[in-house]
Enquirer: 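Just dropping this structure here.
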Amino acid sequence: MTECNQSPFEFAAHVSRQVVAQFDGGTMTTDAGGLLLREADRRLNLLPRLAQCFADRRNPLLTKHSVQELVSQRVYALALGYEDLNDHEQLRQDPVLCLMAGKAEVDDQPLAGKSTLNRLELNDGTASRYSKITYWRDALDELLVNVFLEAHATPPQQIVLDVDTTDMELHGGQEGRFFHGYYDKYCYLPLYTFCGEHLLGVRLRQANSDASAGSLREIERIVTQIRQRWPEVRIIIRGDSGFCRDELMSWCEAHQADYVFGFARNERLRRLIAEALAQAARRYEQTQTPARVFEEFPYETTTGSWACARRVVAKAEYLDGKENPRYVVTSLPAAIWPAQQLYEDLYCARGDMENRIKEQFCLFADRVSAETMRANQLRMYLSAMAYVLVCGLRRLGLQATELARAQVSTIRTRLLKIGALVRVSVRRISLSLAASYPWASLFAKVHAQLRATSAPAG
């Protein structure tokens with residue numbers, strides 16, 4: 001690595017001692033914990049399969065960096081907290097990142113620079129003089145679902161697929177840029193699909209469309225792939241009122257999939273639960289604590305926008321001196337899911353998906369500053385793969401530890417950001433980790449659990 005020849009930096013003295021600093025520590029890294037990510041990837045086999053989702057039209061005789069090295073470098077860097085391609089002008093010399101990305105000689109074979117990585121991301125799907133690597137969207141979509149399926153040793157009896165959208169603010173003239181009145185800014189509206197902590201799909205969308213736009217196509221694709229492996233699994237689709245659309249509910253009813261969606265309030269619904277709201281108000285006046293009364297009824301739209309009558313569950317709530325009614329529509333029968341249990345235990349649990357979406361932002365999924373939507377979609381895929389990798393580390397290595405349910409940012413800070421002195425010899429790459437690292441016992445436990453995991457996942 002490049003060593004800086006500078007005069008020492010002088011700081012305020014400590015008692016009788018001078019305090020000086022200088023960039024003369026030799027070959028060091030601040031990301032020694034990234035080796036745990038490398039171990040997790042060896043169990044998941046994620047990055048080699050990610051590389052297979054790209055077509056490489058370069059001349060092999062003139063190629064210095066393989067596609068697997070390029071995508072590994074990019075995904076690992078995102079997981080370690082480096083969002084910008086400019087960071088790679090220095091990162092390409094980091095011996096640990098070189099090791100993680102698969103360089104044979106970590107001390108004298110630098111990784112790709114920002115220009116090479118930029119050409120990887122900005123390809124428009126066709127071969128050109130300056131960009132000869134492109135990706136297959138369908139293959140990347142399939143890989144996300146395959147990793148989820150492999151995480152289960154046996155098929156579960158039931159799974160819940162959460163769909164939701166979020167906003168990603170735009171500051172330039174990107175393709176597909178539109179102003180969104182609700183968010184009061186120019187943005188994209190990507191669609192995410194999760195099952196618990198597992199990310200199954202991510203689709204970049206323009207902001208000038210309905211919240212549910214494209215959701216049927218995504219759900220159909222994911223459900224079909226899951227049922228090819230697990231034909232008997234029961235699937236419940238869950239989402240807020242933005243996904244309460246007849247085409248999505250009708251598809252679920254025709255394909256043996258259940259659903260529970262939020263249902264937007266209207267005056268007709270308010271009249272149907274007027275007595276329940278009055279009862280909740282009386283309870284509130286008596287106890288001065290929030291009161292809930294649950295009701296359910298078959299509901300059919302007066303405009304004929306629904307193909308049939310459907311079960312609606314209403315929460316008639318009174319709190320802080322005012323009404324707070326909420327509604328959900330579902331295909332689940334009352335005998336299995338009574339009204340209160342359906343709303344409180346099943347529907348409200350979708351709130352955890354918001355935490356999973358926040359983790360995507362910790363991995364810079366919102367860095368959609370490229371000119372084209374195709375390039376920004378690839379950036380979201382790379383962030384998604386970084387999430388899958390850290391999620392695999394959490395599932396395989398952090399089980400039964402204090403970080404078993406920690407978010408990505410916490411895992412990065414506590415477990416991946418470790419200073420170390422790196423020594424490279426003919427037979428060994430040796431890292432001397434910081435002796436003052438406060439979570440050494442946790443690191444040892446995670447390492448042991450990863451090494452003991454023989455299966456690719458689960």
Side-chain angles (χ1 to χ4, degrees), residues 161-194 199-219 237-249 251 259-270 299 301-303 305-306 312-315 317 319-320 322-330 343 347-377 379-380 383-384 387:
L161 301 184
D162 285 302
V163 290
D164 203 356
T165 186
T166 188
D167 63 294
M168 291 183 175
E169 187 171 4
L170 301 177
H171 300 282
Q174 290 94 324
E175 178 188 8
R177 174 179 181 266
F178 284 95
F179 186 84
H180 196 285
Y182 177 80
Y183 295 108
D184 194 28
K185 57 190 175 185
Y186 288 92
C187 60
Y188 287 139
L189 291 180
L191 177 70
Y192 281 98
T193 306
F194 283 87
L199 177 57
L200 277 68
V202 53
R203 182 69 64 234
L204 187 63
R205 303 178 305 170
Q206 298 177 176
N208 64 333
S209 58
D210 184 73
S212 66
S215 59
L216 176 56
R217 182 169 60 252
E218 290 296 296
I219 290 297
I237 313 299
R238 183 168 60 190
D240 63 19
S241 60
F243 298 91
C244 182
R245 301 294 182 266
D246 183 69
E247 63 168 3
L248 186 52
M249 293 186 288
W251 183 90
Y259 58 84
V260 54
F261 296 125
F263 190 16
R265 290 179 284 186
N266 61 53
E267 187 56 35
R268 182 182 171 205
L269 289 171
R270 167 66 178 76
Y299 186 86
T301 59
T302 56
T303 61
S305 58
W306 283 8
V312 170
V313 170
K315 178 195 71 170
E317 184 176 48
L319 74 165
D320 297 332
K322 59 183 179 180
E323 297 176 353
N324 183 41
R326 291 289 186 273
Y327 311 91
V328 296
V329 57
T330 183
Y343 184 86
Y347 179 72
C348 288
R350 65 170 295 276
D352 187 59
M353 184 186 182
E354 295 182 5
N355 294 326
R356 306 288 78 79
I357 291 180
K358 289 177 182 177
E359 290 188 291
Q360 310 309 305
F361 287 81
C362 291
L363 294 163
F364 318 112
D366 58 336
R367 190 59 183 259
V368 285
S369 55
E371 180 181 0
T372 66
M373 290 194 69
R374 180 179 175 83
N376 288 320
Q377 175 71 70
R379 288 187 173 185
M380 293 190 66
S383 294
Y387 170 80

Enquirer: Has the side chain of Gln174 got a donor or acceptor atom that lies under 3.5 Å from a matching backbone atom of Val368?
Expert: yes

Enquirer: Does a side-chain heavy-atom distance below 4.5 Å link Val328 with Thr330?
Expert: no

Enquirer: With sequence neighbours excluded, give me every side chain to side chain donor-acceptor pair (under 3.5 Å) pair touching residues 358-370.
Expert: Glu83-Arg367, Asp84-Arg367, Arg356-Glu359, Glu359-Arg394, Ser369-Arg379

Enquirer: Can you find a pair of side-chain heavy atoms, one from Phe179 and one from Asp184, that are under 4.5 Å apart?
Expert: yes

Enquirer: Measure the spacing between CH2 of Trp251 and CZ of Arg217 and express it to the nearest 0.5 Å.
Expert: 13.5 Å

Enquirer: Over all heavy atoms of both residues, which pair between Ala207 and Cys187 is shortest? Give the atoms and the distance, please.
Expert: CB-O, 3.2 Å

Enquirer: Run the ring-centre check on Phe263 versus Trp306 and record whether the distance is less than 6.0 Å.
Expert: yes

Enquirer: Looking only at non-hydrogen atoms, find the nearest pair between Ala384 and Val202 and report the distance.
Expert: CB-CG1, 4.1 Å

Enquirer: For Arg245 and Ser215, which I'm curious about, is there any donor-acceptor pair between the side chains at under 3.5 Å?
Expert: no

Enquirer: Could you tell me if the side chain of Thr166 sits less than 4.5 Å from the side chain of Phe361, heavy atoms only?
Expert: yes

Enquirer: Would Glu169 and Tyr183 satisfy side chain to side chain contact (heavy atoms under 4.5 Å, CB included), going step by step from the backbone distance to the final call?
Expert: CA-CA 9 Å; Glu169 187 171 4; Tyr183 295 108; over 6 Å; no

Enquirer: Taking all heavy atoms of Met380 and all of Leu204, pick out the closest pair and write down the distance.
Expert: SD-CD1, 3.4 Å

Enquirer: Answer yes or no: is there a donor N or O on one side and an acceptor on the other, between the side chain of Arg205 and the main chain of Ala213, under 3.5 Å?
Expert: yes

Enquirer: Would you say that Glu323 contacts Arg270 through its side chain, given a criterion of any heavy-atom pair below 4.5 Å between the two side chains?
Expert: yes

Enquirer: Nearest 0.5 Å, please: how far is CD in Glu175 from CG in Leu170?
Expert: 11.5 Å

Enquirer: Stepwise, does the side chain to side chain contact (heavy atoms under 4.5 Å, CB included) test hold for Arg350 with Val260?
Expert: CA-CA 10 Å; Arg350 65 170 295 276; Val260 54; over 6 Å; no

Enquirer: Between Cys244 and Met249, which heavy-atom pair has the shortest distance, and what is it?
Expert: SG-CE, 4.1 Å

Enquirer: Would you please test Glu218 and Leu191 for side chain to side chain contact (heavy atoms under 4.5 Å, CB included) and show each step?
Expert: CA-CA 9 Å; Glu218 290 296 296; Leu191 177 70; 3.8 Å; yes

Enquirer: Indicate the atoms forming the closest heavy-atom contact of Ala211 with Thr165, along with that distance.
Expert: CB-CG2, 4.5 Å

Enquirer: Would you mind reporting whether Leu248 and Phe261 have side-chain heavy atoms less than 4.5 Å apart?
Expert: yes

Enquirer: Is there a donor-acceptor pair under 3.5 Å between the side chain of Asn376 and the backbone N or O of Ala370?
Expert: yes

Enquirer: Which pair of heavy atoms, one from Asp164 and one from Asp240, lies closest together, and at what distance?
Expert: OD1-OD2, 3.6 Å

Enquirer: To the nearest 0.5 Å, what is the distance between NE2 on His171 and CZ on Arg177?
Expert: 10.0 Å

Enquirer: Could you check whether any side-chain heavy atom of Lys315 comes within less than 4.5 Å of a side-chain heavy atom of Asn324, counting everything from C-beta outward?
Expert: yes

Enquirer: Hey, could you give me the OH/CZ distance between Tyr387 and Phe194, rounded to the nearest 0.5 Å?
Expert: 5.0 Å

Enquirer: If I take atom CG from residue Leu199 and atom OG1 from residue Thr193, how far apart are they, to the nearest 0.5 angstrom?
Expert: 8.0 Å

Enquirer: Given side chains that start at C-beta, do those of Asp167 and His180 come closer than 4.5 Å, heavy atoms only?
Expert: no

Enquirer: Can a donor-acceptor pair be found, under 3.5 Å and without considering hydrogens, that links the side chain of Arg265 to the backbone of Tyr327?
Expert: no

Enquirer: What's the verdict on ring-ring contact (aromatic ring centres under 6.0 Å, His included) for Tyr259 and Phe243, showing C-alpha distance, side-chain angles and the deciding distance?
Expert: CA-CA 10 Å; Tyr259 58 84; Phe243 298 91; over 10 Å; no

Enquirer: Could you check if a side-chain atom of Gln206 sits within less than 4.5 angstrom of a side-chain atom of Met373, using non-hydrogen atoms only?
Expert: yes

